[in-house]
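Predicted model, so just to flag it, every value in this text is computed and none were measured.
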Amino acid sequence: SVKKLLKFLLALVFILLVAVVALFAYGHWRYSQATSKVYPIADPPLTIARDAATIERGRHQFNVLACVECHGKDGSGKIAIDAGPVGVIVAPNLTPGALPSSYDADSLAAAIRHGVRADGTPLLVMPSEDFAHLSDSDTAALVAYIQSMPRSSNDPGKSALKPLGYILFGLGKLPLLPAERIDHAPRERATPAVAATAEYGEYLARACTGCHGQNYAGQHVPGTPAELPDAANLTPHADGLKGWQQADFVRAIREGKRPDGRVLNTFMPWPVMKQMSDTELAAIWAYLQTLPPVPDKKKG
């Protein structure tokens, strides 16, 4: 009867509501637990130089590592990701005086390479997996540059999850905390010799793994909206860069164009990566040529 059907539908709606509320509560609890965990960092203290050459090296790092994409050209912060019903991720103002006084040089280094705040709790979506290998000298230069930036009073706001975000986090579908996946063991990190070699290229290209995957074979970038294009396959496979020449690769980074003339989506930060030196681009190309050809799983 109609009455029985209505009762069934109401019961079904009630069960669904209870399930959603339970998932939200669990996700909120799990998020609170995960974001309050403290990760002890004991890297050797950095030696910070503040000469013009070091500051310029840090400025270069700030641009080519795409820090500028989230924190802005002046480091004053902005909304980095607006994921609608999932939540908003805000990159903070990094300029002197905007961060708490607890952020000394080593705390900034820990944020960059370990994805943790000055108190050791994890940062949201800070791509530290890409930077965990960054050498002590390059990290020190980047920190020196950040600390030298003109002060800005900009308040970009705070990151915040919405109910759907908590539910997805609880289900393990929203990888917000890179600190959970990083090796935090203290160690010294050295810069390979700066030259157009595969060794130096591997060092530089590790900053690309967050988008292109650990094997550089491309993927949908974790945590990004479904409508964004997948990161490309960078291996010498037919699904990737097979048939490309070094000049094609350089043009893609410098001009944002593939060999066939197609324009790269600006989610790929080529407008800032084009500031890489000729040596840096040649080194990355040399390294990519050493990779095994891996098919694009998205086409399988």
>> I'd like to check the salt bridge (Lys or Arg N to Asp or Glu O under 4.0 Å) partners of D136; sequence neighbours left out, ordered by chain and number.
In response: R113
With sequence neighbours excluded, residues passing side chain to side chain donor-acceptor pair (under 3.5 Å) with [X]:
X	answer
D74	S76
D104	S107
E56	R59

>> Side chains of Q246 and Q289, heavy atoms from C-beta outward: is any pair under 4.5 Å?
In response: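 No - every pair of side-chain heavy atoms lies 4.5 Å or more apart.
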>> If you define the side chain from C-beta out and look only at heavy atoms, does anything of P259 sit under 4.5 Å from D248?
In response: yes
Sequence neighbours excluded and cut-off under 3.5 Å, please list the side-chain donor-acceptor pairs for residues 172-184, or say none.
from	atom 1	to	atom 2	distance (Å)
R181	NE	E129	OE1	3.3
R181	NE	E129	OE2	3.2
R181	NH2	E129	OE1	3.2
D183	OD1	A185	N	3.0
H184	ND1	H114	ND1	2.9
H184	NE2	A179	O	2.8
H184	NE2	I182	O	3.4

> If you draw a 6.0 Å radius around CZ in R187, do more than 12 non-hydrogen atoms from other residues or ligands fall strictly inside?
Replying inline: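 Yes, enclosed.
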>> Other residues, nucleotides and ligands only: do more than 12 of their heavy atoms fall within 6.0 Å of CD on Q275?
In response: yes
When rounded to the nearest 0.5 angstrom, what distance separates [atom1] in [X] from [atom2] in [Y]?
X	Y	atom1	atom2	result
N233	D296	CG	CG	5.5 Å
W244	R251	CH2	CZ	9.5 Å
S148	I48	OG	CD1	11.5 Å

For a quick test of your reading: what N or O donor-acceptor pairs under 3.5 Å do the side chains of residues 3-16 make, sequence neighbours left out?
none

> Would R189 and D43 pass as an ion pair if we require N to O under 4.0 Å?
Replying inline: yes
>> When you compare the side chains of T121 and D119, does any donor N or O come within less than 3.5 Å of an acceptor on the partner?
In response: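 Short answer, yes.
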When clusters are formed from ILVMFWY side-chain contacts under 4.5 Å, directly or step by step, what else is grouped with [X]?
X	value
W29	Y26
I41	Y39, V116
I79	V88, V90

> Less than 6.0 Å separating the ring centroids of F24 and F169?
Replying inline: no
> Centroid-to-centroid, F249 to W285, below 6.0 Å?
Replying inline: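 Yes; W285 has its ring centre under 6.0 Å from that of F249.
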> With sequence neighbours left out, what residues match F267 under ring pair (Phe, Tyr, Trp, His ring centres under 6.0 Å)?
Replying inline: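 With neighbours one apart ignored, the set is empty.
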> With sequence neighbours excluded, what pairs up with Y103 under the ring pair (Phe, Tyr, Trp, His ring centres under 6.0 Å) test?
Replying inline: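 In terms of ring pair (Phe, Tyr, Trp, His ring centres under 6.0 Å), with neighbours along the sequence ignored, Y103 is linked to no residue.
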>> Test: side chain to side chain donor-acceptor pair (under 3.5 Å). Region: residues 191-213. Which pairs qualify, not counting sequence neighbours?
In response: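 Checked against side chain to side chain donor-acceptor pair (under 3.5 Å) - neighbours excluded - the pairs reaching residues 191-213 are S135-T191, S135-Y203, S137-T191, D138-Y203.
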> Between L108 and L99, does a side-chain contact (heavy atoms from CB on, under 4.5 Å) hold up when you go through it step by step?
Replying inline: CA-CA 10 Å; L108 283 172; L99 292 174; 3.8 Å; yes
> Would S152 and N154 count as a side-chain hydrogen bond (donor to acceptor under 3.5 Å, both in side chains) if you check the C-alpha gap in whole Å, the side-chain angles of each, and the deciding distance to 0.1 Å?
Replying inline: CA-CA 5 Å; S152 170; N154 180 52; 5.3 Å; no
> Using 30° and 60° as the class limits, which term best fits the ring planes of Y166 and H28: parallel, tilted or perpendicular?
Replying inline: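 Ring orientation of Y166 relative to H28: tilted.
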